[in-house]
Amino acid sequence: MPGQKFVLSTDNASLRIPDVTVSNDFSRRQFARQLGMATAGLAIATPLGAVVPFDVTPYVHPELRPMLPRLLPMSKAVPTADNLVRMREGARAYASPVLADPAWTEKSIPGYGGAPDIRVFIVNAKNDGSLRPCILHTHGGGFIIGDAKSGLRQLQEIAAALDCLIVSVDYRLAPETRFAGSLEDNYAGLKWLYQNAHQMGGNRDRIAVMGDSAGGGHAAILAIAARDRGEISLAYQALIYPMLDDRTGSTRLKHPMMGAVIWTEAHNRFGWSSFLGVPAGSRRVPSRAVPARTEDLKGLPPAFIGVGSIDLFVDEDIEYAKRLIGSGVAAELHVVPGAFHGFDNIPGTKIGPQFRQTLIAALRQGLAIASS
């Protein structure tokens, strides 16, 4: 019946789905069937109750379709407590080799408020008296996977295109470290950049936060924290298919074309639950841990949000952009038709480089960098 609440579980995610409110005319059985459909991304229930295979191919951009036979089986590999270490090791194998230039260095800096020391990677530092724009970068990986070093190649390319200084934070991962710990790691990196920008050829009055996927979520969280703490004024935030709402895939289900490739609803439940310390979609989550649940967005820096139309995060990213605009924050939204999560990392396409050029143009404008 409309408005009734169900509590369901899914073996794929090994997580309890809390207090799911069904606001339409689904029955309990229909809702359970739709939950299974969305989790797998491979089958859909018809009005007569039959289950037929769901084919995402027609929704995928033609340039990306050749990768589907490889990516769809990989998308079924959902992280669990048992396989997380192996998945982290496997993710490192996909890192692109670094470039000879711009130069990068690794440094250990003090954690915030007595937390352990943190590794940061510094790209394109110069000791020539220049004052160039800066970017504080937070890497992706669903809050549970990834490291700062693996993304150095992409950061070198951005630093070269903009002649800016970039610092990437190797924050602690969930579930070993929850929301508050990783936020303080990233804030420590931001504060260190702010305090030391000048000696690396950076301008501390022109700092952007940037990240992709969970890194985009971290960047959004960090922008909110910087606004609330009032110590550092950010110039911009660049959120690349950002992970902004824990309710996606738990209490808010999506059409199976959204999230069928790479990052699925089951992935999302595990990532957010690991990060929050409570099941994704819970009624109560830690304050300021979920950007989409942050009521007041006023006073945040201007933003770029880019996402693919069949990315699991497309609805939440569009909604966040709308809320920023409604709060008086200048926001640019770019939705790429037929693009799934992480599409710009697929080699041999035109839409990937085009998306990156759109990001570069947005950063150039947001950080007031003159065209070369």
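We number each residue from 1, following the sequence as shown. Reckoned from all heavy atoms, side chains included, excluding hydrogens, waters and symmetry mates.
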Are Arg247 and Asp245 close enough for a salt bridge, meaning some N to O gap below 4.0 Å? yes
Can you name the closest pair of heavy atoms from Ala289 and Ile221 and give their distance? O-CD1, 3.2 Å
Could you walk me through whether Thr80 and Asp82 satisfy the side chain to side chain donor-acceptor pair (under 3.5 Å) test, starting with their C-alpha distance in whole Å, then the side-chain angles of each, then the deciding distance to 0.1 Å, before giving a yes or no? CA-CA 5 Å; Thr80 67; Asp82 294 330; 4.8 Å; no
With sequence neighbours excluded, what pairs up with Tyr236 under the ring-ring contact (aromatic ring centres under 6.0 Å, His included) test? none
For atom CD of Gln365, is the number of surrounding heavy atoms from other residues, nucleotides or ligands below 6.0 Å larger than 12? no
Looking at the rings of His218 and Tyr171, which for Trp means the six-membered one, are their centres under 6.0 Å apart? yes
Is it true that atom CG of Asn127 has more than 12 heavy atoms of other residues, nucleotides or ligands lying nearer than 6.0 Å? no
Ion pair present between Glu265 and Lys254, side-chain N to carboxylate O less than 4.0 angstrom? no
Taking Arg88 for its side chain and Ile144 for its backbone only, find out whether a donor-acceptor pair lies under 3.5 Å. yes
Between the side chain of Thr264 and the main-chain N/O of Gly259, is any donor-acceptor distance below 3.5 Å? no
Grab the two heavy atoms, one from His137 and one from Ser168, that are nearest each other, plus how far apart they are. ND1-OG, 2.8 Å
NZ of Lys322 to CD1 of Ile325, rounded to nearest 0.5 Å, is 9.5 Å
Can you see which heavy atom on Pro279 is nearest to which on Ser282, and at what distance? O-OG, 2.6 Å
Nearest heavy-atom contact between Pro242 and Gly217 is CB-N, 4.1 Å
I need the Glu295 CD to Arg288 CZ distance, nearest 0.5 Å. 8.5 Å
Distance, nearest 0.5 Å, that separates OG1 of Thr138 from CG of Asp212: 8.0 Å
For Pro102 and Asn124 the tightest heavy-atom approach is CB-OD1, 3.6 Å
Is it true that a side-chain atom of Asn83 and a backbone atom of Val78 form a donor plus acceptor pair closer than 3.5 Å? yes
Would Arg229 count as a cation-pi partner of Tyr194, with NZ or CZ less than 6.0 Å from the six-membered ring centre and within 45° of the ring normal? no
Rounded to the nearest 0.5 angstrom, the CD1-CG distance for Ile224 and Leu234 is 11.5 Å
Can a donor-acceptor pair be found, under 3.5 Å and without considering hydrogens, that links the side chain of Arg172 to the backbone of Ser182? no
Any donor and acceptor pair, going by atom type alone, linking the side chain of Glu63 with main-chain N or O of Lys350 inside 3.5 Å? yes
Would you say the side-chain atoms of Gln237 pair up with the backbone N or O of Pro301, donor to acceptor, closer than 3.5 Å? yes
Interatomic distance, CG@Asp147 vs CG@Asp170, rounded to 0.5 Å, equals 5.5 Å
Just checking Tyr59 against His255, ring centres under 6.0 Å apart? yes
Is a salt bridge present between Asp163 and Lys126, judged by a nitrogen-to-oxygen distance below 4.0 Å? yes
Between Phe275 and Phe143, how do the two ring planes meet: parallel, tilted or perpendicular, split at 30° and 60°? parallel
Exam field: side chain Arg132 to backbone Ile369, donor-acceptor pair closer than 3.5 Å: no
Value rounded to 0.5 Å, distance of CG in Leu190 from CD1 in Ile232: 4.0 Å
Determine yes or no for a side-chain-to-main-chain donor-acceptor pair under 3.5 angstrom, with Arg364 supplying the side chain and Ala161 the backbone. yes
Restricting to non-hydrogen atoms, name the atom on Ser274 and the atom on Ala174 that form the minimum distance, rounded to 0.1 Å. O-CB, 3.5 Å
Can you check side chain to side chain contact (heavy atoms under 4.5 Å, CB included) on Arg204 and Leu193, steps first, answer last? CA-CA 8 Å; Arg204 72 179 192 175; Leu193 170 58; over 6 Å; no
Does the Arg65 side chain pair with the main chain of Thr57, one donor and one acceptor, at a distance under 3.5 Å? yes
Is it true that a side-chain atom of Arg206 and a backbone atom of Ala368 form a donor plus acceptor pair closer than 3.5 Å? yes
Criterion side chain to side chain donor-acceptor pair (under 3.5 Å) on Ser213 and His341, from CA distance to verdict: CA-CA 8 Å; Ser213 191; His341 196 67; 2.8 Å; yes
Between Glu319 and Arg323, is there a side-chain N and carboxylate O pair less than 4.0 Å apart? no
